[in-house]
Protein chains: 2
Amino acid sequence: MESSPERRLTDQGRERKQQILDAATVLFASRGYQATRVADICAEAGVAKGLFYWYFDSKESLFADLIRSMRLQLRRTQGAAMDPSTDPVTRLRAGVEASVRFMADHAAYFSLIESERTDESLRPVLSEGGEIYAADTQRVIVEAQRAGLIPDYADAQMLTLGVIGAVSHFCQFHRNGRTTMSVDELANFVAGWTVRAVGADDRITLGG
Amino acid sequence: MESSPERRLTDQGRERKQQILDAATVLFASRGYQATRVADICAEAGVAKGLFYWYFDSKESLFADLIRSMRLQLRRTQGAAMDPSTDPVTRLRAGVEASVRFMADHAAYFSLIESERTDESLRPVLSEGGEIYAADTQRVIVEAQRAGLIPDYADAQMLTLGVIGAVSHFCQFHRNGRTTMSVDELANFVAGWTVRAVGADDRITLGG
DNA sequence: CAGCCTATTGACCCGCTGGTCAAGTTTGGA
DNA sequence: TCCAAACTTGACCAGCGGGTCAATAGGCTG
């Protein structure tokens with residue numbers, strides 16, 4: 001019931017912990033958090049139940065770990081996605097494409113957070129990120145509006161929600177097999193879709 | 001463990017059943033299906049636990065009942081939404097606006113189906129509808145493409161997914177309070193968003 | 001009133017699952 | 001070589017929660 005104050009892990013320890021984390025990711029993604037039993041995770045990871053509680057305080061704390069570690073990775077990847085020397089619409093495009101690719105690569109993770117969004121006990125952990133991503137996006141959009149590339153009588157916040165939503169739901173459809181597009185095609189299509197929706201259409205591409 | 005072969009209900013019986021159904025809707029929507037206990041539902045409805053099993057075979061069967069009855073209502077409402085004598089883009093607009101309004105009116109229901117989409121045991125019931133809605137939408141889009149109102153080098157199916165996704169995720173943001181727009185404003189905005197994204201922009205409105 | 005069906009209760013059952021623990025093994029470093 | 005800490009196990013526990021049931025009340029029909 002404690003463990004938090006920095007337990008020193010050996011190489012083997014770190015490996016085992018990751019092993020459990022991986023097993024949990026797979027199971028959470030396919031059955032959801034609630035429906036996944038600690039025993040299942042241990043079986044999947046091939047370790048005894050007690051070991052779970054050597055590395056994690058609780059099932060919920062493992063979940064938090066999972067989310068946070070993934071978020072770190074996501075943020076890093078996204079950071080490198082947009083070239084600051086280009087114009088905002090180009091950056092928006094690039095950001096959207098990168099996000100789509102990233103989400104496709106980490107399908108299991110995103111299907112997890114998507115499904116567990118309404119879980120009362122998990123809400124805090126889940127919502128603590130995400131606003132950051134929104135802020136990033138909104139910044140680009142406002143910049144584009146200032147540069148006259150996007151009509152500025154539309155609410156920037158709504159446009160932001162639209163972009164984020166579009167990326168996430170197209171990826172969701174991709175995960176569910178509702179579309180069989182390749183990731184490249186998808187990324188391109190979604191970029192086109194959002195640029196058009198946002199009102200920055202230069203009429204050059206309609207993606208697909 | 002049976003009950004299905006048409007139990008005859010008195011007026012009072014029907015009322016009680018609905019009462020339990022309503023209680024379940026509220027709780028499912030706010031905590032999710034898994035996290036809601038049968039005892040909670042009974043407490044909310046103000047009846048004893050045994051009564052639950054007088055009217056329903058199981059928690060899962062209540063859920064199925066809920067979904068099916070709601071779907072019926074939804075389909076009826078949507079049927080009346082679009083005026084067949086207008087052009088496809090106008091109909092698309094109208095359909096989107098009507099859907100947004102409907103989803104806002106039935107927020108509890110949609111937040112429920114949205115959150116429980118990944119639940120293994122519930123998937124069959126959940127997915128048995130939904131394709132119908134997609135088919136309706138796609139028909140309008142294809143029609144618009146034939147009429148030259150939407151560029152036809154874009155994949156109609158992808159555009160359909162985009163429309164459906166946009167409606168559902170904007171409504172989701174509305175439910176979560178991520179936007180404080182009124183339902184009317186929202187409906188208008190989403191209609192504008194989708195029309196632009198789909199490539200049918202007549203440059204008259206950018207919503208908001 | 002008698003018989004039957006619906007309606008309603010709450011105590012009870014039992015399997016499941018998150019979490020604990022005492023006991024044992026391995027590893028690392030002094 | 002030896003100690004302590006990291007690691008690993010599986011049996012065990014307690015409470016929770018879905019589902020059951022016997023008992024009772026009430027209402028309709030003959």
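Every chain is numbered from 1, with letters handed out A, B, ... down the list of sequences.
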Respond yes when some side-chain nitrogen or oxygen of [X] is under 4.0 Å from OP1 or OP2 of [N], and no when none is.
X	N	value
A:R16	D:dT8	yes
A:W54	D:dT8	no
A:Y53	C:dC21	no
A:T10	D:dC7	yes

Length of the [atom1]-[atom2] vector between [X] and [N], whole Å:
X	N	atom1	atom2	answer
A:D57	C:dG19	CG	P	10 Å
B:K17	C:dA7	NZ	C1'	14 Å
B:F63	D:dG18	CZ	C1'	17 Å
B:L51	D:dG18	CG	P	16 Å
B:E60	D:dG19	CD	C1'	14 Å
B:F52	D:dT20	CZ	P	11 Å
A:L9	D:dT8	CG	C1'	14 Å
B:I20	C:dT8	CD1	C1'	10 Å

Cation-pi check, B:K17 to B:F56: give yes when NZ or CZ is under 6.0 Å from the six-membered ring centre and within 45° of the ring axis, no otherwise.
-> yes
Nearest non-hydrogen partners of [X] and [Y], listed with the distance:
X	Y	answer
B:F170	A:M158	CE2-O, 3.7 Å
A:R91	A:P84	CD-CA, 4.1 Å
A:A134	A:T160	O-CG2, 3.5 Å

pair B:R93-B:T194: side-chain heavy atoms closer than 4.5 Å = no
Is it true that a side-chain atom of A:E185 and a backbone atom of A:S182 form a donor plus acceptor pair closer than 3.5 Å?
-> yes
Any donor-acceptor pair under 3.5 Å from B:H169 side chain to A:H169 backbone |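 No, the answer is negative, given that no donor and acceptor are paired below the 3.5 Å cut-off.
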Kindly calculate the angle separating the two end axes of the helix from C:dC1-D:dG30 to C:dA30-D:dT1, each obtained from five base pairs, and round it to 10 degrees.
->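 Comparing the first five pairs with the last five, the axes sit 0° apart.
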Find every protein N or O atom lying less than 3.5 Å from an N or O atom of nucleotides 12-17 of chain D, and list the pairs.
from   : atom 1 : to    : atom 2 : distance (Å)
D:dG17 : OP1    : B:R37 : NE     : 3.3

Could you tell me how the ring of A:Y33 sits relative to the ring of A:F63: parallel (under 30°), tilted (30 to 60°) or perpendicular (over 60°)?
-> perpendicular
Worked verdict on B:R31 versus B:D40 for side-chain contact (heavy atoms from CB on, under 4.5 Å) = CA-CA 11 Å; B:R31 314 181 189 176; B:D40 298 341; 2.8 Å; yes
Start with the C-alpha gap between A:L66 and A:F28, add the side-chain angles, then the distance that decides, and say whether side-chain contact (heavy atoms from CB on, under 4.5 Å) holds.
-> CA-CA 11 Å; A:L66 196 60; A:F28 283 166; 3.9 Å; yes
Ion pair check, A:R146 and A:D152, cut-off under 4.0 Å =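 No.
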Carboxylate-amine/guanidinium contact A:E143 A:R139, below 4.0 Å | no
Under 4.0 angstrom, heavy atoms only, what part of the nucleic acid is A:G13 near: base, sugar-phosphate, or nothing?
-> sugar-phosphate
Could you list all N or O pairs between the protein and nucleotides 22-30 of chain D that sit under 3.5 Å apart?
none

